[in-house]
Structures are given as C-alpha cells and as structure tokens.
Amino acid sequence: MVAAGGAPLTSLGQRVTAIALQAGRLVVGTSSGEVVAVDGKTGERRAVRVAATPVVRLRFSPDRSRLAVVSEDGASTLHGMHTRGFPNC
C-alpha cells in the first residue's frame, strides 16, 4: 500500500484489515483496533484506537465528515473525522 509521494504504509507495524478511500481520503483499519488516516497531500498519518478488536469495515458518510467503523466483535461506531484528531485529509 502506498501513500502520497510513493511512501509505503508498511511502517504501521500491524496488519491492515480494512480500507476506505473516497475523494482522495485514505483511512485504514488495523488488526489492533486502530484507524489510521492519511493526509493525501502531505502523507501525514494519525492513528486513533477506536475498537478493542480488529477493524473489519470502514465507510465514509456521504459528506465525508464521519467514519463508520465495524470491529470484529460486531461493535459499530461513528466517528467525526475532525473531532478525533484525524488529519484534515
């Protein structure tokens, strides 16, 4: 997986379990329950733990202001993209 400028996302240190991409916004879910947002312009990454189990599904709201997250234990949560410390990607 590659971010802006060809920088690989291999340094996450955990397995990528879900991906959401919409209009240049990239968010990945990981096996540790984190969501990592990547700024498409700068490559800046911001990780936020959102679940106790691996993230299995990610979806942006139509206006891209919120992110729905489903974890392996069946829990689903909705997160504001600008209120959880995610970069403005």
Side-chain angles (χ1 to χ4, degrees):
M1 184 176 297
V2 176
L9 289 178
T10 56
S11 62
L12 291 175
Q14 48 203 312
R15 187 169 50 99
V16 172
T17 55
I19 297 173
L21 178 64
Q22 184 178 28
R25 296 181 91 174
L26 172 65
V27 179
V28 295
T30 69
S31 57
S32 68
E34 288 185 342
V35 170
V36 181
V38 180
D39 184 311
K41 294 178 184 171
T42 67
E44 174 192 3
R45 300 177 200 170
R46 182 72 51 98
V48 178
R49 181 166 309 278
V50 296
T53 60
V55 174
V56 296
R57 180 165 281 189
L58 298 167
R59 291 290 182 267
F60 284 108
S61 63
D63 67 359
R64 297 187 318 252
S65 67
R66 294 179 303 278
L67 181 72
V69 178
V70 178
S71 57
E72 190 174 74
D73 62 4
S76 59
T77 54
L78 191 61
H79 302 274
M81 289 301 294
H82 303 292
T83 60
R84 290 294 308 252
F86 291 115
N88 191 15
C89 53

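His79 has its side chain within reach of Val50: a pair of non-hydrogen atoms, C-beta onward, lies under 4.5 Å apart.
Both Val38 and Leu21 sit in one connected hydrophobic cluster of ILVMFWY residues. Membership requires side-chain heavy atoms under 4.5 Å apart, directly or through other members. Tracing side-chain contacts under 4.5 Å through hydrophobic residues (I, L, V, M, F, W, Y), one never reaches Val70 starting from Leu67; they form parts of separate clusters. Both Val16 and Leu26 are assigned to one and the same hydrophobic cluster, defined by single-linkage of ILVMFWY side chains at heavy-atom distances under 4.5 Å. A single hydrophobic cluster is not seen to contain both Val36 and Val56; linkage of ILVMFWY side chains at heavy-atom distances under 4.5 Å, directly or through other members, places them apart.
The shortest heavy-atom contact between Thr53 and Glu72 is OG1-N, 3.3 Å. Nearest heavy atom pair, residue Gln22 against residue Pro62, reads NE2-O, 4.3 Å. Across all their heavy atoms, Ala47 and Glu34 have their closest contact at CB-OE1, 3.8 Å. Here the closest non-hydrogen pair linking Ser71 and Ala51 is CB-CB, 3.6 Å. Closest heavy-atom contact between Leu58 and Ala18: CD1-O, 3.8 Å.
Of the possible polar contacts, one joining the Thr17 side chain to the Val55 backbone as a donor-acceptor pair under 3.5 Å is found.
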